[in-house]
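As the structure is a computational prediction, the values presented were derived from the model and not from experiment.
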Amino acid sequence: MEAVKTFNSELYSLNDYKPPISKAKMTQITKAAIKAIKFYKHVVQSVEKFIQKCKPEYKVPGLYVIDSIVRQSRHQFGQDKDVFAPRFSNNIINTFQNLYRCPGDDKSKIVRVLNLWQKNNVFKSEIIQPLLDMAAGIPPPVVTPVLPSTAAAVSNTPGTPATPVTPANVVQGIPDPWIAQITNTDTLAAVAQILQSPQGQQLQQLVQSLHVQQQKPQPSLLQALDAGLVVQLQALTAQLTAAAAASNSLNPLEQSVSLSKKLMDRFDFGEENLQNEDSKKDTPQILQNIYSSKI
């Protein structure tokens with residue numbers, strides 16, 4: 001990591017020089033970056049952070065640092081083994097958004113570097129073209145990353161990138177009452193920039209996941225229950241319904257009479273029953289008299 005510290009020291013010493021920066025100073029910074037190639041990710045991050053935080057007049061010198069490091073790496077190690085250009089391309093949109101905060105007269109210098117990159121195939125055309133569009137005030141497209149859990153639901157081909165979020169797509173996704181309030185291109189650019197941020201991408205992922213969940217069929221309660229249990233519940237419901245209907249069909253007087261009759265049937269000790277019991281008791285005495293007379 002000592003090589004990274006040396007590079008950072010050389011890089012931030014640019015603030016001690018008044019632009020334009022000499023070729024000798026650029027050579028020193030480039031050599032320090034190549035010596036720290038084992039930590040190329042740290043080198044790239046340091047340059048990106050410098051461009052983000054430096055004063056406007058140092059934006060273009062920061063771009064010249066990128067150009068010098070990439071050209072030297074490609075010349076020294078070959079295009080196929082260059083690690084700096086692919087690493088710079090990962091965050092190149094944000095880097096150039098910071099670069100375009102330079103003084104207005106310096107924007108032509110940025111465009112000139114982009115044209116040289118395109119001519120020498122330093123970066124692919126699909127990477128450089130949005131950067132050139134930014135110089136004309138056209139906001140860059142935002143590509144939403146595809147989640148592994150929702151890739152199959154969004155597309156039949158796994159890993160297919162989602163539709164880029166451009167100002168036109170942003171307008172299509174906004175409710176009609178709001179469109180009249182967002183007619184300014186600067187406002188659309190601001191919306192697109194918000195969607196490009198990590199928080200905006202997380203919001204798009206949540207909305208996409210919610211949309212996928214809403215498309216899935218939700219099982220009903222009867223589908224979730226066991227078939228036998230459903231039959232039992234239906235039979236019990238029918239019995240309770242029939243009992244309730246029969247009970248409601250009787251008026252209060254009939255229900256009272258019916259209840260009294262049931263009670264009398266169970267606990268009726270009238271004269272007829274007493275006579276029957278007395279006759280049963282007298283039967284042995286009569287038989288005994290008849291038997292005695294015969295003897």
Rounded to the nearest 0.5 Å, what separation is found between the [atom1] atom of [X] and the [atom2] atom of [Y]?
| X | Y | atom1 | atom2 | value |
| --- | --- | --- | --- | --- |
| Arg87 | His42 | CZ | NE2 | 9.5 Å |
| Leu99 | Leu114 | CG | CG | 9.0 Å |
| Asp82 | Arg71 | CG | CZ | 12.0 Å |
| Ile93 | Asn98 | CD1 | CG | 11.5 Å |

**Report entry** Contact summary for Cys102 and Lys59, nearest pair of heavy atoms
**Finding:** CB-CB, 3.8 Å

Query - Shortest non-hydrogen contact from Ala3 toward Ala36 - result: CB-CB, 3.7 Å

I'd like to know if [Y] and [X] are part of one continuous hydrophobic network [Ile/Leu/Val/Met/Phe/Trp/Tyr, side-chain heavy atoms within less than 4.5 Å].
| X | Y | answer |
| --- | --- | --- |
| Val83 | Val44 | yes |
| Tyr40 | Phe77 | yes |
| Tyr17 | Val60 | yes |
| Leu116 | Tyr64 | no |
| Ile21 | Val43 | yes |

Report task. Output, in order, the C-alpha distance, side-chain angles, deciding distance and verdict of side chain to side chain contact (heavy atoms under 4.5 Å, CB included) for Leu14 and Phe50. Result -> CA-CA 10 Å; Leu14 285 174; Phe50 173 83; 3.9 Å; yes

Query raised in the report: According to the interplanar angle, ranging from 0 to 90°, do the rings of Tyr100 and Phe96 count as parallel (below 30°), tilted (30 to 60°) or perpendicular (above 60°)?
Result: tilted

Taking the side chain from [X] and the backbone from [Y], do they hold a donor-acceptor pair closer than 3.5 Å?
| X | Y | result |
| --- | --- | --- |
| Thr27 | Lys23 | yes |
| Ser9 | Thr6 | no |
| Ser73 | Ile69 | no |

Donor-acceptor contacts under 3.5 Å from residues 121-135 side chains, at least two apart:
unit_1 : atom_1 : unit_2 : atom_2 : d
Gln129 : NE2    : Asp133 : OD1    : 3.1

Requested in this report: Could you tell me whether Lys35 atom NZ has more than 12 heavy atoms of other residues or ligands within 6.0 Å of it?
Outcome: no

**Report entry** Crowding at CD, Gln45 (>12 non-hydrogen neighbours, <6.0 Å)
**Finding:** no

Query raised in the report: Of Ile51, Val113, Asp106, which meets side-chain contact (heavy atoms from CB on, under 4.5 Å) against Leu63?
Result: Val113

Query raised in the report: Between Asn115 and Arg112, does any side-chain donor sit less than 3.5 Å from a side-chain acceptor?
Result: no

Query raised in the report: Side chains of Asp67 and Trp117: closer than 4.5 Å at any heavy-atom pair?
Result: yes

Query - Heavy-atom check, side chain of Asn15 versus side chain of Tyr58, under 4.5 Å - result: yes

Requested in this report: Let me see the working for Leu11 and Ser46 under side chain to side chain contact (heavy atoms under 4.5 Å, CB included), right down to the final yes or no.
Outcome: CA-CA 8 Å; Leu11 175 64; Ser46 296; 4.3 Å; yes

Requested in this report: Tell me, with the steps shown, if Tyr12 and Lys53 meet side chain to side chain contact (heavy atoms under 4.5 Å, CB included).
Outcome: CA-CA 11 Å; Tyr12 281 89; Lys53 295 184 177 182; 5.8 Å; no

Query raised in the report: Checking side chain to side chain contact (heavy atoms under 4.5 Å, CB included) for the pair Lys31/Glu10: CA distance, chi angles, key distance, verdict?
Result: CA-CA 10 Å; Lys31 288 182 178 180; Glu10 291 287 349; over 6 Å; no

